[in-house]
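The structure under discussion appears below in the form of structure tokens.
Positions are given from 1, in the same order as the sequence printed here. Just the heavy atoms: all of them, side chains too, but no hydrogens, waters or symmetry mates, feed the values below.
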Amino acid sequence: MRTFVGRLLAHPLVVATLAVAVIGGLLEATGPDGAARWVVSAYAVVVALVQARGMVDDLRAGNHGIDLLAVTAIASTVAVGEYWAALVVCLMLTGGEALEDYAAGRARRELTGLLQNAPRTAHRLGPDDQPTDVPVEDVVVGDRLLVRPFEAVPVDGVLESPDATLDESSLTGESLPVDHVRGDGLLSGSVNGGEAIELRATAAAADSQYQRIVALVREAQDSKAPFVRLADRVAVPFTIGALALAVGAWLVSGDPTRIAEVLVVATPCPLIIAAPVAFMAGMSRSARAGIIVKSSGTLEQLARARTAAFDKTGTLTHGEPRVTEVHADGMTPEELLVLAAAVEQYSSHPLADAVVDRAHEDGLVVPAAEDVTEVPAHGMRGTVGGRVVVVGSARYVARETGVAPAQGDGGTGVHVAVDGRPAGLLTLADELRPETRATIAALHRAGVGTVMMLTGDGAQVARRIADEAGIDDVRAELLPQDKVDAIRSAPRRPVMMVGDGVNDAPVLAAADVGIAMGARGASAASESADVVVTVDDLSRVARAVQIGGRTLRVAWQAIGIGVVLSVGLMLVAAAGALPALAGAWLQEAVDLTTILWALLAVRPSRSEQAATERMAADLARAAAPHPRRPPPPS
């Protein structure tokens, strides 16, 4: 209730119009003759003057739209004494603007989520190696800093510890943890692994990677062109036509009242209310599908989208490593997987979790291991059933066994040695979501002609995922600014961008439509996006485009119906066969018709249902279990 009152108070003209309607009604019933007319007419004139001032400002800025028609309609209805019709025009005008404001939210979205995620405190090491907590803004170049397990790196720096493993997915899009050695550069915002590390600051907080991303988001949002309201595109020719018809009727008949009679039925209510109601209905249906659309203009941009760009990690893919192949030497793949999982279950490394998960998915029983030791960022060693098992990087396995294991053919690999000799390789990759191909196909059917992948990952991994997804245009090894440049240079517009990480926030803000996969993505992406998908389902992106298309068609249909009916009534009034009072009532019927038609956007059309069913069938085929590829012969 408090929220509703707050929204109502945010639009005082709506409150004032309703109050005048109540007062006028009471005066009409109990007050002196003419009192209601004077009160309502005076208020309508005030509203017309307010709108006229806005209209003049718009004209000076080179813009024109529905305000001209609104002022003309209010003035004409007051002039002929149809003060209630004038008040209805005022209510439709102010209420329509309130609906658009509610549907649009704020044109400028604050970056609170992004800023809240920024590192705020750093642990600065003194001469005695004791850490002192200081605000991140106080860090200067050259400071030695301590980053504790699972904390974000506060500023850009150089690693001074022997080695480290960091999660850089929110910055670069790389889903797999990245191993670093002494002397490597570290980016602010990346998350440390399970061991405390030391680094030396190479940049202040304001110049570090995370803050550069914040600045990019602000710049991208500032550069977005304002959206032109749907009704404004129809209002000017409709107004010119109505005025020309009114003046023509007066000149032909010699009766000046024909002007008022024509203009009474030329009120802009169908234009004012039809599009907002349709867009509100479309946004409501989107929300029920787990798609939060932040503005009515976004729905139209979705409907017109001709290029779709996707981030890879966490968007087209699951965003986490999975064991895709098991290459065993001298034993069965199942035996190798069990031995590796038995040791890896004692590690907190993400790759270790992937090995254990694969063993459980395959229904294997993972035994306990003994004498387990871990070398962070390198590997594990333990005894399983009397057999010494070493799991980790090729370099670590070679050091522990004295024998260099065979290298894989690309991708990330976990090497396994048993009893002092190499025993196999577990290949890990970030796998494609099952709904990705169906989503891309549905977007093509909906009119999106170009699909791009923009990722910070390496070219080889990006190409593999793109081939599986059916994407031709692949841009790999991109930084956030590179992604923004790719979106801005896209030849076919509007462009929509789909992503989920902090590194996607600038490009989501720069795109005509930014779509954030917000179910588990960073709040930075959700803050800078125009659409947030609240469920972990990429196919909702295609649903959003379909809903946008349906909403836009219904909005144009409702506007068309209102214009056609109004023009018909204007022709009748121009012929002198429609008195002003009757015209005002008939115009209300036109308004009701357009509103009811606009509400059709709350349900899908038959063609949209068919497209949804086809996509569901594609998803069902993609989700069907497929046998894993057998490992190559030993």
Side-chain angles (χ1 to χ4, degrees), residues 165 175-177 179 317-318 320-375 377-434 460-461 464-465 467-468 622-634:
T165 299
S175 59
L176 302 177
D179 294 331
T317 65
H318 290 282
E320 57 188 23
R322 298 187 177 192
V323 176
T324 56
E325 294 179 346
V326 180
H327 304 265
D329 182 9
M331 63 181 67
T332 65
E334 292 78 10
E335 186 179 3
L336 179 73
L337 186 58
V338 166
L339 291 174
V343 176
E344 291 280 61
Q345 65 184 322
Y346 298 96
S347 173
S348 60
H349 197 285
L351 297 187
D353 292 340
V355 173
V356 177
D357 289 344
R358 171 64 189 272
H360 289 156
E361 288 172 6
D362 289 357
L364 303 176
V365 178
V366 179
E370 300 174 345
D371 302 326
V372 178
T373 59
E374 179 176 9
V375 178
H378 291 288
M380 302 279 294
R381 181 188 183 97
T383 302
V384 183
R387 309 175 75 178
V388 178
V389 179
V390 178
V391 183
S393 66
R395 187 169 47 185
Y396 175 70
V397 170
R399 189 180 72 190
E400 291 293 312
T401 64
V403 180
Q407 297 295 321
D409 56 355
T412 298
V414 173
H415 294 266
V416 183
V418 179
D419 292 333
R421 60 177 295 273
L425 172 70
L426 307 178
T427 301
L428 293 96
D430 186 8
E431 290 188 315
L432 196 71
R433 288 173 177 265
Q460 182 178 357
V461 175
R464 176 181 65 82
I465 292 296
D467 290 342
E468 294 180 15
H626 297 285
R628 295 186 183 272
R629 288 177 290 177
S634 301

Show me the donor-acceptor pairs within less than 3.5 Å that the side chains of residues 339-347 make with the rest of the protein, sequence neighbours left out.
from : atom 1 : to   : atom 2 : distance (Å)
Q345 : NE2    : A342 : O      : 3.0
Q345 : NE2    : P367 : O      : 2.7
Y346 : OH     : A369 : N      : 3.1
Y346 : OH     : A369 : O      : 3.4
S347 : OG     : H349 : N      : 3.1
S347 : OG     : E374 : OE2    : 3.1

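Pairs of residues two or more places apart, or lying in two chains, that qualify as side chain to side chain donor-acceptor pair (under 3.5 Å) and include a residue from residues 396-405 are R381-E400.
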Item to check | Test side-chain contact (heavy atoms from CB on, under 4.5 Å) applied to V338 and V384, step by step | outcome: CA-CA 9 Å; V338 166; V384 183; 5.8 Å; no

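Here the side chain of D179 pairs no donor or acceptor atom with the backbone of T165 at under 3.5 angstrom. Formation of a donor-acceptor pair under 3.5 Å by the R433 side chain with backbone atoms of T317 is found in this model. Put simply, the side chain of T427 never gets that close to the backbone of T324: no donor and acceptor are under 3.5 Å apart.
Considering all non-hydrogen atoms of both residues, G420 and V403 come closest at O-CG2, 4.4 Å. Residue A423 comes nearest to L336 through the heavy atom pair O-CD1, 3.7 Å, listed as atom of the first residue, atom of the second, then distance. The two atoms that bring P321 and L428 nearest to each other are CB-CD2, 4.3 Å, heavy atoms only. For L364 against L337, the heavy-atom pair with the smallest separation is CD1-CD2, 3.8 Å. Taking every heavy atom of both residues into account, I465 and D430 meet most closely at CD1-O, 3.4 Å. When every heavy atom of V326 is checked against every heavy atom of P333, the shortest pair comes out as CG1-O, 3.6 Å.
Side-chain atoms of E361 and V323, non-hydrogen and from C-beta on, never get closer than 4.5 Å to each other. Taking the side chain as every heavy atom from C-beta outward, R322 and R358 never approach each other to under 4.5 Å. Taking the side chain as every heavy atom from C-beta outward, D329 and R421 approach each other to under 4.5 Å.
Between atom CG of residue L351 and atom CE of residue M380 there is a gap of 12.5 Å, rounded to the nearest 0.5 Å. Once rounded to the nearest 0.5 Å, the distance linking CZ of R464 with CG of L432 reads 8.5 Å.
Of the options P422, S393, P405, a side-chain contact (heavy atoms from CB on, under 4.5 Å) to H415 is made by P405 and by none of the others.
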